[in-house]
Amino acid sequence: MKWTQTLIPTLREAPADAEIVSHKLLLRAGLIRKLAGGVYTFLPLGLRALRKVEKIIREEMDRAGAIEVLMPALQPKEIWEQSGRAETAKDVLCKVKDRANREWFLSPTAEEVITTLAAGEINSYRQLPKNFYQISTKFRDEIRPRFGLMRAKEFIMKDAYSFDTTDENAMASYHKMYDAYKRIFARCGLQAFPVEADTGVIGGNYSHEFMVPAETGENDVVYCEACGYAANIEKATSGIPKTASREVGAAIEKFATPGVVTIEALAKEPYKVPANRQIKTLVYIADSKPVLILIRGDDQLNETKFAAKTGAVAVRPATAEEIVPLLGAKPGSLGAVVNVPADVKVFADERLQGANDMTTGANEDGFHLKNVSIERDIKVTAWFDLRTVSAGEPCVKCAKPLKIRRAIEVGHVFKLGTKYSEALNAMYLDDTGVRHFLVMGCYGIGVTRTLQAIIEQGNDKDGVIWPLSVAPYQVCITPLAVAPESDAMKLAEKFYAELSAKGVDVILDDRDERPGVKFKDSELVGFPIRIGIGEKSLAKGEVELKPRNGALQAIKAEDAVEAVMKLING
RNA sequence: CGGGGCGUAGCGUAGUCCGGCUAGCGCGCUUGCUUGGGGUGCAAGAGGUCGGGAGUUCAAAUCUCCCCGCCCCGACCA
């Protein structure tokens with residue numbers, strides 16, 4: 001490609017609405033342009049890089065035995081009602097109506113469609129296993145689009161769905177995808193690692209996310225350097241000890257705490273009740289029903305764990321207006337000892353199991369209770385791990401201190417089980433003629449997000465640093481004179497032809513620009529290899545080879561093509 | 001949706017409090033000259049319904065009200 005023939009609108013300054021480095025560089029390097037919030041056009045260079053990521057994904061999915069299909073973006077509402085997700089996923093669904101007033105959803109994912117397909121086309125164990133994948137545009141009515149391609153309303157996703165006869169076989173399919181994902185991200189030049197994950201609204205019971213470490217990520221990952229344990233903070237547990245049990249003390253005692261509505265205030269003079277001897281009582285509305293959650297005073301509730309453990313779909317903190325009629329007191333004086341309506345469930349964090357000599361609210365404004373023994377004095381409906389892990393806590397596997405860091409989620413693998421095959425009646429006959437539900441798994445990669453993650457991880461002050469595998473062009477030839485008859489341009493054309501013939505993706509910067517402009521642009525865009533051709537070195541029969549992330553070297557013109565091939569082939 | 005901020009030329013911005021604008025600057029763009037190995041210099045130019053609407057006023061980018069869009073923080077997720 002000649003630079004003047006394509007469109008590479010580089011920007012000297014980043015548009016003000018870009019915040020993080022990868023978003024700025026996507027715009028500055030002329031890879032994308034915004035049409036509206038969370039909606040972007042891919043320009044020629046951005047599209048080339050995107051296609052390369054897709055190619056890697058296709059090759060690895062094919063290698064892993066998956067087969068490519070293309071499902072519709074327009075999905076009838078009915079199948080979503082059948083799976084139950086018309087309700088549970090309603091907040092992210094982009095809805096459209098046709099002229100007959102029929103309602104459609106723009107695909108945010110395709111479990112319903114593929115399961116409907118499988119229900120019709122897969123009848124026998126002889127057809128299994130099968131793993132279908134597609135790379136397509138997905139739509140989510142994001143609450144808040146953010147960071148360019150990182151969280152967009154419209155984005156490109158690779159989604160795959162496996163169908164197996166048994167749980168055991170489904171695990172094998174899962175592990176094939178898990179391994180394929182590791183290869184995919186490695187080939188994209190990404191440092192991505194799998195972590196245990198919550199399954200969320202998609203459902204299922206076993207899941208890993210592939211994370212790219214980055215301060216700008218939207219996830220917190222808990223990990224152990226000693227044993228390799230790693231989990232999303234929404235899922236992570238630690239080996240932190242339960243609350244120490246003391247002598248079973250005196251009976252409960254109510255005491256006045258005027259104006260004290262926080263854990264911190266109760267920990268200070270004159271009360272001096274340490275946070276780890278307090279029971280924090282939270283009121284949540286889980287699927288429209290109020291529930292109480294008990295957490296130790298120095299712990300934080302993990303809402304994802306709470307929803308996952310209780311099976312709730314929609315959870316939110318109750319408002320003060322909801323709490324007062326329920327418990328008779330405002331937040332700050334709440335407890336689960338007295339005055340809890342019989343139909344209100346009480347979920348307590350396991351760390352409180354056996355705790356006594358605790359202090360908690362009295363359900364009376366301005367009063368607390370002490371000498372509370374949780375098992376003796378509170379009717380707990382169920383105990384769960386509900387707390388959020390903090391850095392430094394002992395690893396659940398090896399007891400070494402845990403660390404936490406931010407990361408970008410680029411892929412997610414789930415074992416789904418029979419949730420969708422049951423809802424959409426997808427069954428097969430086994431070798432004895434008995435019907436079973438298909439056992440499913442699903443596997444997503446955010447393709448456009450992966451592209452941005454590559455930039456987020458590969459950049460410096462001058463611009464993008466593409467890995468060779470996904471660079472829009474691998475080589476940028478930069479003649480410093482562009483008149484057709486000039487020696488520099490003649491040589492540039494020769495390199496261009498030779499490298500192209502060898503299958504190298506090469507761009508020739510034929511713009512009549514000053515050297516500084518060309519160098520700056522090639523570094524901003526981030527081509528992995530630049531061949532500089534100028535009079536000074538040409539006089540010595542040399543050209544300049546400049547890897548984007550390495551030192552410039554002078555090289556004999558006749559050796560240049562070979563040297564480039566060496567860099568490309570490693 | 002809650003909280004915060006911002007909308008002035010393709011991009012970055014000054015001016016907005018305190019009305020007087022014929023809207024200024026840098027980058028980019030066009031033309032000419034210049035320069036020719038790290039965003040060259042000089043000159044001339046094109047480009048703006050100051051997000052939209054209504055109002056106040058002799059006069060509105062500036063004040064008031066309504067609407068729209070965008071960004072950031074939170075809840076959602078590939």
Side-chain angles (χ1 to χ4, degrees), chain A residues 9-20 23-24 27-28 30 33-39 57 88-93 107-110 135-160 181 197-202 209-212 217-219 232 234 303-304 307 314-317 319 408-414 442-453 462 478-483 486 488 511-524 530 532-539 543-544 546 552:
Chain A
T10 57
L11 261 24
R12 207 183 271 215
E13 285 169 297
D17 51 4
E19 195 73 9
I20 66 174
H23 186 194
K24 286 180 182 168
L27 293 163
R28 287 226 293 138
R33 282 295 181 265
K34 182 172 75 176
L35 177 63
V39 180
I57 292 173
T88 56
K90 65 174 189 291
D91 291 341
V92 298
L93 288 169
S107 176
T109 171
I135 296 176
S136 62
T137 302
K138 296 291 189 291
F139 302 86
R140 290 199 186 160
D141 188 4
E142 283 293 342
I143 300 167
R144 181 152 86 86
R146 212 189 320 213
F147 299 155
L149 305 178
M150 210 60 103
R151 172 173 305 280
K153 273 191 159 74
E154 181 184 323
F155 57 99
I156 294 174
M157 181 163 94
K158 187 284 305 178
D159 45 330
Y181 275 32
D198 176 62
T199 52
V201 72
I202 291 186
E209 288 164 336
F210 283 77
M211 295 290 195
V212 174
E218 299 184 77
N219 297 269
N232 192 308
E234 296 174 341
E303 287 191 12
T304 307
V315 303
R316 64 167 175 86
T319 63
I408 299 164
E409 179 189 356
V410 288
H412 202 158
V413 293
F414 296 84
C442 76
Y443 318 94
I445 291 178
V447 183
T448 38
R449 178 184 287 181
T450 297
L451 186 70
Q452 184 161 352
D462 293 316
T478 308
L480 299 187
V482 296
S486 70
R511 295 176 300 168
D512 185 14
E513 286 286 355
R514 297 176 56 83
V517 173
K518 294 186 159 197
F519 293 149
K520 285 288 182 192
D521 269 349
S522 80
E523 278 150 18
L524 175 57
R530 184 177 71 217
I533 309 173
E535 281 177 17
K536 283 186 188 165
S537 44
L538 211 49
V543 296
E544 284 159 2
K546 170 72 175 70
L552 185 144

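Residue numbers start from 1 in every chain, and the chains themselves are labelled A, B, ... in the order their sequence lines are given, proteins ahead of strands. Side chains are part of it too, since the values below use all heavy atoms of this structure and drop only hydrogens, waters and symmetry mates.
- The side chain to side chain donor-acceptor pair (under 3.5 Å) check on E19(A) picks up nothing, with sequence neighbours excluded.
- Using a 4.0 Å heavy-atom distance criterion, E209(A) is classed as making no nucleic acid contact.
- Partners of K536(A) according to the salt bridge (charged side-chain N to carboxylate O under 4.0 Å, His left out) rule, which considers only residues two or more places apart in sequence or in another chain, do not exist here.
- For the C1' atoms, the distance from C67(B) to C73(B) is 25 Å, rounded to whole Å.
- Residue L480(A) has its side chain nearest to G37(B) when only G37(B), G38(B), A78(B) are considered.
- T478(A) is not listed as a side-chain neighbour of K546(A), based on a closest heavy-atom distance of 4.5 Å or more.
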Contacts under 3.5 Å, N or O only, protein and nucleotides 44-48 of chain B:
none

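- Judged as a salt bridge (charged side-chain N to carboxylate O under 4.0 Å, His left out), and not counting sequence neighbours, D462(A) has no contacts.
- For P515(A), counting side-chain heavy atoms from C-beta on, the closest listed nucleotide (G37(B), A78(B), C76(B)) is G37(B).
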Footprint string (nucleotides 24-34 of chain B, 5' to 3'): B base within contact, S backbone only, - free, heavy atoms under 4.0 Å: --BSS------
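- In terms of the salt bridge (charged side-chain N to carboxylate O under 4.0 Å, His left out) criterion, K153(A) has no residue partners (sequence neighbours excluded).
- Residue-level contact check: V517(A) touches the bases, meaning some heavy atom is under 4.0 Å from a base atom.
- Note on D512(A): a base of the nucleic acid sits closer than 4.0 angstrom, heavy atoms only.
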Bracket string, RNA chain B, 5' to 3' - pairs by Watson-Crick or G-U geometry under 3.5 Å, | interstrand: ((((((((.[[[[.)....(...]]]].(((((.......))))).....[[[[[..)....]]]]])))))))....
Extract from the structure each pairing of a protein N or O with an N or O of nucleotides 68-75 of chain B at less than 3.5 Å, listing the distance.
{"from": "C70(B)", "atom 1": "OP1", "to": "G37(A)", "atom 2": "N", "distance (Å)": "2.8"}
{"from": "C70(B)", "atom 1": "O3'", "to": "K34(A)", "atom 2": "NZ", "distance (Å)": "3.0"}
{"from": "C73(B)", "atom 1": "OP2", "to": "R144(A)", "atom 2": "NH1", "distance (Å)": "3.2"}
{"from": "C73(B)", "atom 1": "OP2", "to": "R144(A)", "atom 2": "NH2", "distance (Å)": "2.7"}
{"from": "C73(B)", "atom 1": "OP2", "to": "R146(A)", "atom 2": "NH1", "distance (Å)": "3.3"}
{"from": "C73(B)", "atom 1": "N4", "to": "R144(A)", "atom 2": "NE", "distance (Å)": "3.4"}
{"from": "G74(B)", "atom 1": "OP2", "to": "R146(A)", "atom 2": "NH1", "distance (Å)": "3.2"}

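- Taking atom CG on D91(A) and atom P on C77(B), their separation rounds to 10 Å, with Å as the unit.
- Judged by centroid separation below 5.5 Å and plane tilt below 30°, F155(A) stacks onto the base of A78(B).
- As judged by a 4.0 angstrom heavy-atom cut-off over every strand, A152(A) is placed among the base-contacting residues.
- With sequence neighbours excluded, no residue forms a ring-ring contact (aromatic ring centres under 6.0 Å, His included) with Y443(A).
- Spacing of C1' atoms, U49(B) relative to U8(B), comes out at 12 Å, to the nearest Å.
- Using P as the reference atom, U62(B) and C17(B) are 9 Å apart when rounded to the nearest Å.
- A61(B) and A23(B) have their P atoms separated by 9 Å, with the value rounded to a whole Å.
- Closest contact between the side chain of S537(A) and the listed nucleotides G37(B), G39(B), A78(B) involves G37(B).
- Listed by chain and number, the residues in a ring-ring contact (aromatic ring centres under 6.0 Å, His included) with H23(A) amount to none (sequence neighbours excluded).
- Atom P of A46(B) sits at a distance of 47 Å from the matching atom of G2(B), rounded to the whole Å.
- The side-chain contact (heavy atoms from CB on, under 4.5 Å) test applied to I533(A) returns I477(A), A488(A), L491(A), A492(A), F495(A), I531(A), L538(A), V543(A), not counting sequence neighbours.
- Taking K138(A) as the reference, D159(A) meet the salt bridge (charged side-chain N to carboxylate O under 4.0 Å, His left out) condition, with sequence neighbours excluded.
- Within 4.0 Å (heavy atoms only), G532(A) reaches no atom of the nucleic acid at all.
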